[in-house]
Amino acid sequence: MIHIAGVDIGSAFSKAVIMAENKIIAYQVKPSGGNYRLTAEQVTKGALTKAKLSLKDIDYVVATGYGAANVPFSREAVSDISCLARGVHYLFPTARTAIDIGGQFTRVFKLDKRGRATAFLLSEKCAAGSGRFLQVIAKVLQIDLKDIGELSLKSRNRVDFNTGCAVFAESEAISRIAEGAAKEDILAGLHRALAAKVQAMVERLGIEPDCALVGGGAKDIGLVRSIEESLACRLLTPDEPQIVAALGAALIAGEKAAAIKASR
Amino acid sequence: MVEKGAGKGLAAAERYYQDYGCRAGELKRQGKRIMGYLCAFTPVEIIAAAGFMPLRIKGDVNEPITKADAEMETIVCPLVRSCFDVSLKGKYEFLDGIVIPHACDSITRTYDIWKYTLNFPYSHLINMPHATDKPSLDFYKAELNTFRRSLGRFAGREISDQSLTQAIRLHNQNRAKVRELYELRKMNPPLISGAEVTRLLVAAVSIPVTEATELINNVVEEVKQRGKVRAAKPARLMVVGGQVDNIDFIELIEDSGAWVVADDLCPGAREFFSDVADTPDPVDGIAERYLRKICCSRTFRERRGSYHEYLEQRFGHIGRSIRDFKVDGVVLYIYKYCDPYGFDVPAMKSYIESKGIPVLYLEDEYSMSTIGRLRTRIQAFLELLGSK
Amino acid sequence: MTEEKKPEEKKKRKTATEAAAKIGPMVKAMIADVLQARKEGKPIAYTFICCCYDEIVRAMDIVPAWTENYAGICGAKRDAQRFLERAESEGFSRSLCTYALCGLGFDAWREQLGEMPPDAPWGGQARPDVMLGSGQILCDPRNKWYQAAQHYIPDVPVYAVGLPWPPYESDYDYREVQDYYVKYIVEELRGLVAFLERHTGRKMDWDRLSELVDLTDRTWNLIWETYELRRAIPSPMGTGDAMNTMVPIVFMMATQQAYDFFKELNEELRHKIANKEGEVPDEKYRLMWGGGLPAWFALNDFNYFNSKGAVFPVETTYRTVEAVYNFDIDLSKISDPLEHIAWRWVKFWTYWYDKARKRPGSHPDVERLIQYIEDYKIDGIVMHEAFSCRTWHVGLIWQLNRLKKIYRDIPSLILESDIVDISSYNEADTRARIDAFIDTLEAVKSKGK
Amino acid sequence: MKSQYFAGVDIGSTMTKVVIMNRAMLASVIGPTGPEHRKLANRVMEEALAQASLPFDDITYVVATGYGRINVPFADKQITEISCHARGVSYLLPRARTVIDIGGQDCKAIKLNDNGRVVEFVMNDKCAAGTGRFLEVAAEGLGIKLEDMGRLSLEAKSKVEIGSTCTVFAAQEVVAKLSEGVPLPEIIAGLHEAIAARIHSMVGRLKIEREVALTGGGAKNIGLVKALEAKLGFPVLLPPEPLLTGAIGAALLGKDIVKQAAASGTPLPRSERRLQEVTLFTR
Ligand SMILES: Nc1ncnc2c1ncn2[C@@H]1O[C@H](COP(=O)(O)OP(=O)(O)O)[C@@H](O)[C@H]1O
Ligand SMILES: Nc1ncnc2c1ncn2[C@@H]1O[C@H](COP(=O)(O)OP(=O)(O)O)[C@@H](O)[C@H]1O
Ligand code: SF4
Ligand code: SF4
Ligand code: SF4
């Protein structure tokens with residue numbers, strides 16, 4: 001049996017996925033921390049332990065993400081867009097457009113029926129347009145990242161934010177709290193601001209149904225709803241949206257391993 | 001905000017301003033045809049003479065740009081982007097067409113985007129020269145005649161000399177009224193605030209010219225009744241820049257403790273201070289006004305004499321306003337990516353400063369959030385004026 | 001202002017053709033010539049490219065100082081920041097054309113010092129005797145830049161030549177208006193000659209002008225024919241090289257040197273094609289540089305594309321010539337040289353109009369993309385949006401959208417940075433985008449299989 | 001005549017500063033600004049009064065400045081940070097013709113004439129890159145104290161290049177660098193270099209004239225000061241306590257106002273001398 005692995009060293013989180021026979025047998029997600037090389041080892045080991053395997057059992061490893069260069073045990077690095085597309089396709093074969101909200105960038109891309117990206121757009125180099133923005137805010141509001149989505153849905157009285165900068169949004173949020181604004185209303189405002197940025201990108205690329213939303217941002221139900229509202233369409237979201245790029249990397253690893261086997 | 005007791009002049013202006021284009025929509029439903037345009041360089045007389053109501057397309061500082069970026073790069077004048085964004089969102093669906101003059105790169109380079117994306121039944125680009133010499137004037141006249149023919153074809157009838165002369169007369173009357181209004185700003189304190197003037201002029205370019213003249217007249221009458229009720233403020237400012245079609249910035253200045261008493265803006269003095277002369281061929285008068293009389297940085301003035309005299313040729317109108325309206329300080333309010341004004345900043349600044357008048361240069365992005373950020377700068381400028 | 005670290009000079013880009021490698025020294029000599037002219041008291045004119053007065057300037061023996069070129073050099077040497085900052089401190093917004101900002105910063109500095117700014121790239125840009133702007137319709141900086149420069153060199157006169165071309169409109173044909181366009185341009189060019197005679201003391205040699213006009217026609221034809229050779233598979237020369245070979249096109253037109261250069265390049269390309277020598281050994285993707293001036297400090301990105309097997313057989317940028325024998329009029333019948341220039345100008349800009357009219361919903365710019373896609377067998381389009389110039393960089397998104405609507409969906413990538421402002425550029429990001437784009441190309445390419 | 005006392009209250013985005021002066025400085029207190037510190041402005045004021053041993057009623061005139069100036073109920077007048085920094089510098093460092101103020105949320109450059117009056121200024125407050133926040137965020141990421149940054153960076157033998165301009169991403173980048181084993185001093189030096197470059201290009205929008213004074217919290221960071229000096233090509237002047245410059249300027253402007261009013265005989269309106277809570281500011 002061929003075992004394959006995909007490792008995605010993201011700017012915020014690192015993920016490893018182990019697959020066999022086109023099925024995920026284990027995965028692991030952990031914060032990227034400072035040392036990518038170390039994280040890469042740890043996250044892969046974590047997944048391997050779950051799968052009761054060790055690195056030498058793995059036939060092919062593909063790395064991707066911001067820190068892909070720091071995965072010494074990978075055979076090859078593949079661009080995030082390609083991995084994401086492959087992962088999305090595996091999960092949602094009908095998806096033709098996908099949005100990935102990661103720690104550093106937001107990506108919007110189109111994919112064909114074989115899971116290849118055919119067009120893409122990346123957000124600008126400013127934290128105001130990425131998932132990092134929500135992390136920063138969650139921290140100042142002293143809410144756990146995983147709770148912000150639910151909380152934001154409770155908002156009845158959205159506070160509109162007019163700042164573009166993530167750092168200033170942070171202090172603005174502090175001021176608003178001090179003025180007595182509710183946390184959920186602030187979150188709803190921030191989700192709205194981020195959704196507007198995503199919307200502009202999606203409109204530029206042109207949306208083709210179905211549309212999937214992946215990346216850590218998709219774990220935030222408040223953001224998901226906000227984007228759905230501005231795009232006026234339902235989005236497909238996987239149960240574990242964060243591992244999609246790693247999954248795609250594993251799938252690509254699978255193809256490579258199969259190709260090698262065939263050529264032998 | 002409209003002051004208590006304001007009659008139908010200011011109140012009506014407020015209404016037209018808030019619900020911009022409402023009158024045009026109303027007229028459209030009654031069968032009138034409406035022609036949208038960008039920028040003071042559109043010869044509205046020709047549009048009116050063809051039986052259309054010209055409507056100046058306005059942006060919205062409060063509306064975040066969400067649609068425009070899918071079709072238009074972000075490196076154009078933010079006002080033009082906003083105009084396009086609200087158009088894409090259906091704000092001006094009722095238009096029968098758009099007319100775009102070759103004013104600046106931001107406007108000209110986006111013409112095709114406007115034309116192909118919004119799919120109005122009619123569109124036309126008027127190729128306006130930069131130079132003002134005789135060959136340029138002749139060429140411009142030929143372009144105006146091309147436009148006249150083209151629009152006539154679309155209207156289904158030729159534009160006659162009489163209708164042109166009539167439209168010219170009405171627009172000149174309108175401009176004269178605006179100048180009368182500006183007289184009320186010369187007093188100290190001014191009888192009318194800068195925000196009120198801008199709101200009125202924005203309203204005025206969204207309704208038929210005769211109604212606009214009446215509206216302005218009503219305001220003039222109303223305001224004259226005010227006598228001397230307005231508060232004295234320590235500084236009288238002039239705002240100079242490109243297009244300003246919202247009052248928020250002017251309001252910000254006036255809330256910070258100054259009156260805006262003069263401007264070189266459009267809509268504003270730039271658009272209303274010069275008339276079309278009565279010429280045997282009406283197009284001659286129109287060409288002469290738009291090419292030579294409107295003072296805007298986009299037009300290249302040929303130099304006569306020393307560089308010092310050249311600055312006077314280019315910016316003399318600002319100097320005259322400073323004098324006539326007793327201006328204490330000038331705010332250069334210019335949008336990012338505005339090429340014509342951007343390149344003029346150092347020269348303009350040194351010209352105004354040579355008159356002993358301090359200048360505050362602000363670059364803005366046409367958004368409510370940035371306008372708020374300018375507050376500290378304006379207050380500091382007022383402090384600087386106060387301590388002089 | 002001090003630069004504490006020497007601007008890092010970029011490694012020399014490897015060119016595919018020998019001809020392109022010769023351009024560097026040619027440009028250097030061009031700058032030196034201007035400095036030499038200053039010493040000898042020959043009249044120098046600040047000039048813009050694409051303004052069709054090349055022959056006039058050359059016939060009057062006036063030395064052109066191409067201000068866009070000098071700014072580009074500062075950018076390519078990664079030494080533009082100090083001039084941009086200088087312009088900013090004069091009050092110019094950083095959002096304006098950075099060629100202009102670089103030039104204005106340089107002028108302001110040179111005038112303040114009374115000599116060249118320290119370590120000015122390649123000896124610096126000499127003070128001009130006249131400045132030739134152009135009014136309408138290419139870009140605003142063409143009429144504002146030199147006017148603004150007068151703030152620092154008030155004694156140097158400016159002339160703004162009106163140079164319009166008819167817009168592409170749906171409700172009338174440009175032929176209805178072309179006569180008055182030509183008439184206007186001729187009068188403006190006549191005005192230019194008079195201006196130059198007045199301010200430089202040179203007299204126009206009309207016979208020489210006619211010769212140069214003819215030389216230019218021949219050069220245009222030769223360039224067009226040479227570039228068409230790049231249709232070959234594998235393509236012998238890419239856009240990276242074309243960003244060098246643009247020099248004779250835009251800075252040396254109306255000189256024998258430009259003609260000879262293309263003669264040589266033509267031979268080199270024929271030779272390469274005969275030997276099946278491509279821009280890269282293993283050509284996988286054929287791309288078109290479909291719009292935008294290049295980021296001069298990042299020309300190495302072309303090599304990065306090459307390293308992925310991607311070549312650029314064609315670009316729209318700097319392809320500012322057509323074969324004049326393809327025009328719908330016979331230029332050789334127009335004996336008045338100024339009229340000849342004017343017609344060539346109008347015909348160049350309206351060249352794609354008739355073709356566009358035949359395809360519903362098309363537009364000349366889009367039509368040109370379609371034609372090149374077909375002629376050069378293009379797999380994908382790369383564009384560059386330089387933030388500071390509207391002329392070449394607004395409308396790119398729209399052109400791609402239109403292309404998709406009326407033709408077909410073709411992979412495209414829009415890179416974003418600037419022509420000379422390196423602070424807008426991030427190499428790692430750019431390369432990540434290129435990688436992802438190559439993946440999409442692969443996906444689309446293998447679709448049929 | 002009863003002696004006169006002037007208070008300057010500078011409510012910055014990060015720090016609240018109060019000084020009380022007559023001829024000389026009698027008291028100065030610095031405290032943080034923030035949501036948890038809502039009542040702080042009055043507490044800082046209280047403390048300053050205690051330090052000067054004065055009842056609030058004895059304060060002739062109170063001028064508020066800074067980001068939160070509009071919400072100080074007990075101030076007699078609000079004046080922008082720009083005028084206050086200018087006034088403060090012209091008093092402390094009369095030779096200065098340009099002031100660069102690096103505050104928590106903005107950075108400004110001010111040009112002064114020979115009389116210490118503002119003739120021109122520029123300001124950045126759009127993006128956190130190039131402000132004190134940049135260093136705060138980075139320090140937090142690196143787990144070091146803000147006060148130590150300057151000293152630490154001076155130990156650097158070289159400096160790493162920080163590729164991200166965005167504050168948030170820069171913070172992330174430096175953490176990664178640290179774990180890659182790049183020595184801390186070199187990272188901090190790199191941060192200083194990055195922020196100095198940003199500030200320098202912003203300040204470049206004024207024609208800088210010597211001498212240049214540096215004020216605000218950023219001036220407390222010797223590493224940043226050195227990096228900026230390297231960019232400028234000459235040394236800068238530093239006030240003894242850079243954070244207080246704005247508050248001192250505010251107090252002095254109050255004094256000027258009182259003097260002028262006395263000269264012209266116009267009565268000056270005065271707010272109630274009651275320490276009320278300072279509500280938080282919004283722009
Ligand atoms: N449990 C969660 N709930 C909500 N948002 C989350 C959660 N986990 C992560 N995120 C968001 O996802 C982002 C990281 O997404 P990810 O796809 O892992 O990025 P990267 O691949 O760049 O590391 C974070 O910035 C955060 O905003
Ligand atoms: N001891 C210190 N060492 C280094 N930096 C400091 C120190 N104290 C404050 N700072 C810096 O000063 C900034 C606050 O400066 P300040 O001028 O008070 O700003 P504001 O007026 O906006 O509150 C902080 O962001 C921090 O970067
Ligand atoms: S605006 Fe804020 S979030 Fe954006 S780059 Fe600047 S510091 Fe980062
Ligand atoms: S403000 Fe400037 S850029 Fe904008 S439309 Fe007017 S002239 Fe053009
Ligand atoms: S075309 Fe663009 S790059 Fe060239 S001078 Fe004009 S604005 Fe600058």
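Just the heavy atoms: all of them, side chains too, but no hydrogens, waters or symmetry mates, feed the values below. Letters A, B, ... mirror the listed sequences (proteins, then strands); counts begin at 1.
Neither the backbone nor the side chain of B/K349 comes within contact range of chain C; no heavy atom of the residue lies under 4.5 Å from a heavy atom of that chain. Residue C/Q150 touches chain B through both its backbone and its side chain, counting heavy-atom pairs closer than 4.5 Å. B/E363 touches chain C through its side chain: at least one heavy atom from C-beta onward sits under 4.5 Å away, while N, CA, C and O do not. Proximity to chain C (any heavy atom under 4.5 Å) is restricted, for B/R301, to the backbone atoms N, CA, C and O. Looking at C/L104, only its side chain comes within 4.5 Å of chain B, counting heavy atoms on both sides. Of the atoms belonging to B/D69, it is backbone heavy atoms, and not side-chain ones, that fall under 4.5 Å from chain C. In this structure, chain C has no heavy atom under 4.5 Å from any part of B/E302. In this structure, chain C has a heavy atom under 4.5 Å from the side chain of B/K115, while its backbone stays farther away. Using a 4.5 Å cut-off between heavy atoms, B/R303 contacts chain C through its side chain alone, with no backbone atom that close. With a threshold of 4.5 angstrom between heavy atoms, C/A386 approaches chain B through N, CA, C or O but not through any side-chain atom. Both the backbone and the side chain of C/D171 have a heavy atom closer than 4.5 Å to some heavy atom of chain B. Heavy atoms closer than 4.5 Å to chain C are found in the side chain of B/T108, but not in its backbone. With a 4.5 angstrom heavy-atom cutoff, B/R314 touches chain C only via side-chain atoms. Residue B/S350 touches chain C through its side chain alone, counting heavy-atom pairs closer than 4.5 Å. Only the side chain of C/V177 comes within less than 4.5 Å of a heavy atom of chain B; its backbone N, CA, C and O stay farther away. Contacts between B/Y361 and chain C at a heavy-atom distance below 4.5 Å involve the side chain alone, from C-beta outward. Heavy atoms of C/Y146 lying under 4.5 Å from chain B are absent altogether.
Most heavy-atom pairs under 4.5 Å with chain B: of the set C/E176, C/Q147, C/E385, C/H393, this distinction falls to C/Q147. Per-residue counts of heavy-atom pairs under 4.5 Å with chain B were compared for C/C139, C/G133, C/A148; the largest is that of C/C139. Interface check for chain B: of the options C/I397, C/L138, C/D140, the most heavy-atom pairs under 4.5 Å are formed by C/D140. Heavy-atom pairs under 4.5 Å with chain C were tallied for B/E143, B/R153, B/M72; the largest tally goes to B/E143. Heavy-atom pairs under 4.5 Å with chain C were tallied for B/I334, B/L125, B/D112; the largest tally goes to B/D112. Heavy-atom pairs under 4.5 Å with chain B were tallied for C/Q399, C/E188, C/E90; the largest tally goes to C/E188. Ranked by heavy-atom pairs shorter than 4.5 Å toward chain C, the options B/H130, B/H102, B/M128 are led by B/H130. Of the listed residues (C/H363, C/K183, C/E187), the one with the most heavy-atom contacts under 4.5 Å to chain B is C/H363. Of the listed residues B/D133, B/V345, B/T110, B/T117, the one with more heavy-atom pairs under 4.5 angstrom with chain C than any other is B/D133. Of the listed residues (B/A131, B/G342, B/S136, B/S106), the one with the most heavy-atom contacts under 4.5 Å to chain C is B/S136. Put simply, of B/K336, B/R109, B/H308, the one with the most heavy-atom pairs under 4.5 Å next to chain C is B/R109.
Each of C/V161, C/L163, C/L192 was compared with C/C51 under the side-chain contact (heavy atoms from CB on, under 4.5 Å) criterion, and only C/L163 meets it. Across C/R357, C/R359, C/R402, C/K355, a single residue satisfies salt bridge (charged side-chain N to carboxylate O under 4.0 Å, His left out) together with C/E367, and that is C/R359.
When side chains are defined from C-beta on, C/I419 does not count as touching C/E68, because their heavy atoms never get closer than 4.5 Å. C/V130 has its side chain within reach of C/F195: a pair of non-hydrogen atoms, C-beta onward, lies under 4.5 Å apart. Contact annotation: the side chain of C/L403 approaches that of C/I381 to within less than 4.5 Å [non-hydrogen atoms, C-beta and beyond].
Below 30°, between 30° and 60°, or above 60°: for B/Y366 and B/Y335 the angle between ring planes is above 60°, a perpendicular geometry.
Across all non-hydrogen atoms, the minimal contact from C/T317 to C/G291 is OG1-C, 3.9 Å. Residues C/C389 and B/I75 approach most closely at O-CD1, 3.8 Å, considering heavy atoms.
Under a 4.0 Å N-O distance rule, the pair C/R110/C/D107 qualifies as a salt bridge.
Judged by a 6.0 Å distance limit and a 45° cone about the ring axis, B/R81 is not positioned over the six-membered ring of B/Y337. In this structure, B/R149 is not positioned above the aromatic face of B/F147 in the sense of NZ or CZ being under 6.0 Å from the six-membered ring centre and within 45° of the axis.
The aromatic ring centroids of C/Y181 and C/W165 lie 6.0 Å or more from each other. In this structure, C/F106 has its ring center closer than 6.0 angstrom to the ring center of C/F83. Separation of the C/W109 and C/Y152 ring centroids does not fall under the 6.0 Å cut-off. No close placement of the B/H124 and B/F154 rings is indicated, their centers lying 6.0 Å or farther apart.
Summarising the geometry, atom CG belonging to B/L291 is positioned 10.5 Å from atom CG belonging to B/D138; distances are rounded to the nearest 0.5 Å.
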